Amino acid sequence: QVQLMESGGGLVQAGGSRRLSCAASENIFRFNIIGWYRQAPGKQRELVATITGGLITNYGDSAKGRFSISGDNAKNAVYLQMNSLKPEDTAVYYCYARHDDTNYWGEGTLVTVSS
C-alpha cells in the first residue's frame, strides 16, 4: 500500500556532495516518522536522519553537521542533502516511514564514496 522509492545514489568523490530523494505514495505529514537509514556492508543498519511529526529532526552522530533532511509535502518527497562525504558514508541508503504501528522501507539506493 505505502510505497517509498529512493533515487539519487551513485558514485561521488570524498569531500563531495549528493542529494537523495524519497518519493512517497502518501502525504508525508501522515507519517509519524519519515527519513533515512543506511547500511554499510557487514554492518548494522543505522539512523541517518528523520523527521518526526513533520517538525522535529533527528540525526545520527555520523550525519550531524554534514547532512540535512528536508521535506516537500506538495511533492510527497523527502530529501537528504549530503555534504563533505567520506568513504565511510558508503552504504545503501533506505527511505523509512512509520505510520502508527507500521514501518515502511524503500528498496534502497547505493551511495559509494571514493577515497
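As the structure is a computational prediction, the values presented were derived from the model and not from experiment.
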Any idea which heavy atoms bring [X] and [Y] closest together, and the distance?
| X | Y | value |
| --- | --- | --- |
| Gln1 | Ser25 | O-OG, 3.6 Å |
| Ile34 | Ile69 | O-CD1, 4.0 Å |
| Leu20 | Val111 | CD2-CG2, 3.9 Å |
| Ala24 | Leu4 | CB-CD2, 3.7 Å |
| Ala63 | Tyr59 | CB-CD2, 4.2 Å |
| Gln13 | Ser114 | CA-OG, 3.5 Å |

Checklist entry - Would you say the side chains of Tyr79 and Arg19 form a donor-acceptor pair under 3.5 Å? => result no
Checklist entry - Is there a donor-acceptor contact under 3.5 Å linking the side chains of Asn32 and Arg98? => result no
Neighbour count above 12 (heavy atom, 6.0 Å) for [X] [atom1]:
| X | atom1 | result |
| --- | --- | --- |
| Glu107 | CD | no |
| Gln39 | CD | yes |
| Glu88 | CD | yes |

Checklist entry - Do side-chain atoms of Thr90 reach the backbone of Thr112 as a donor and acceptor pair under 3.5 angstrom? => result no
Checklist entry - Less than 4.0 Å between a side-chain N and a carboxylate O, is that true for Asp89 and Lys86? => result no
Checklist entry - Between Leu80 and Tyr93, is a side-chain contact (heavy atoms from CB on, under 4.5 Å) present by the stated rule, with each step listed? => result CA-CA 10 Å; Leu80 182 69; Tyr93 285 72; 4.1 Å; yes
Checklist entry - Any side-chain heavy atom of Asn76 within less than 4.5 Å of one from Asn27? => result yes
[atom1] of [X] to [atom2] of [Y]: how many Å apart, nearest 0.5 Å?
| X | Y | atom1 | atom2 | value |
| --- | --- | --- | --- | --- |
| Met82 | Ser17 | CE | OG | 8.5 Å |
| Ile33 | Asn58 | CD1 | CG | 9.0 Å |
| Phe31 | His99 | CZ | NE2 | 7.5 Å |
| Asp61 | Leu47 | CG | CG | 8.5 Å |

Item to check | Evaluation steps, ring-ring contact (aromatic ring centres under 6.0 Å, His included), between Tyr96 and Trp105 | outcome: CA-CA 5 Å; Tyr96 165 79; Trp105 295 93; 4.7 Å; yes
Checklist entry - Does NZ or CZ of Arg45 lie under 6.0 Å from the centre of the six-membered ring of Tyr37, at an angle within 45° of the ring axis? => result no
